[in-house]
Amino acid sequence: MPAVFEDSIVSYVDLALDLWVSKDGIQTVVDEDEFNELKLSDELRLRATHGLEELRQRFSNKNPPS
C-alpha cells in the first residue's frame, strides 16, 4: 500500500514484508526479520512469500502493479 500524504502528515500501513525498488530498478526486500517473527499460519506465510515473488517478477519485467 502506498503512503498517504494529507496536509503535513504522512501515513502508511506496514505490511511486515516490503519490497523497495529504487528508481534504477534495484530491488531490496525489507523487514524479512520482522516477517519471520510473526506467528502466521503456513498458508498465510506461503501466500505472502508468493505475493512478494510476484511483485519482484512484475518489477523485473517493468510491469509494476497499478
Side-chain angles (χ1 to χ4, degrees):
M1 302 179 94
V4 175
F5 300 89
E6 284 186 24
D7 301 322
S8 60
I9 299 172
V10 178
S11 60
Y12 64 95
V13 175
D14 185 353
L15 298 175
L17 189 59
D18 305 308
L19 179 63
W20 175 262
V21 182
S22 66
K23 61 183 177 178
D24 59 351
I26 296 172
Q27 297 181 8
T28 304
V29 178
V30 183
D31 294 340
E32 280 184 288
D33 53 338
E34 291 178 20
F35 176 75
N36 290 331
E37 291 179 13
L38 293 174
K39 294 179 182 1
L40 301 174
S41 68
D42 290 342
E43 178 186 353
L44 190 53
R45 189 171 299 279
L46 186 62
R47 290 175 61 193
T49 55
H50 281 176
L52 174 63
E53 286 308 311
E54 181 181 334
L55 276 177
R56 293 184 80 156
Q57 287 297 318
R58 285 179 174 233
F59 278 100
S60 291
N61 296 330
K62 299 194 179 356
N63 186 23
S66 52

Does [X] belong to the same Ile/Leu/Val/Met/Phe/Trp/Tyr cluster as [Y], with side-chain heavy atoms less than 4.5 Å apart forming each link?
{"X": "Leu46", "Y": "Leu40", "result": "no"}
{"X": "Leu38", "Y": "Leu17", "result": "yes"}
{"X": "Val30", "Y": "Leu52", "result": "no"}

Main-chain N/O of Arg56 paired to Gln27 side chain as donor or acceptor, under 3.5 Å: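 Between the backbone of Arg56 and the side chain of Gln27 there is a qualifying donor-acceptor contact (under 3.5 Å).
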Measuring from Glu54:CD to Gln57:CD, what's the distance to the nearest 0.5 Å?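 Between atom CD of Glu54 and atom CD of Gln57 there are 9.5 Å.
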From CD (Glu32) to OG1 (Thr49), nearest 0.5 Å: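 One finds 10.0 Å between CD of Glu32 and OG1 of Thr49.
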Verify the neighbour count for atom CG of Asp7: are there more than 12 heavy atoms of other residues, nucleotides or ligands below 6.0 Å?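 Result for CG/Asp7: open.
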Around atom CG of Asp42, are there more than 12 heavy atoms of other residues, nucleotides or ligands at under 6.0 Å?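 Open.
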Over all atoms of both residues, closest heavy-atom pair of Val10 and Ala3: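 Smallest interatomic distance, heavy atoms only, reads CG1-CB, 4.1 Å.
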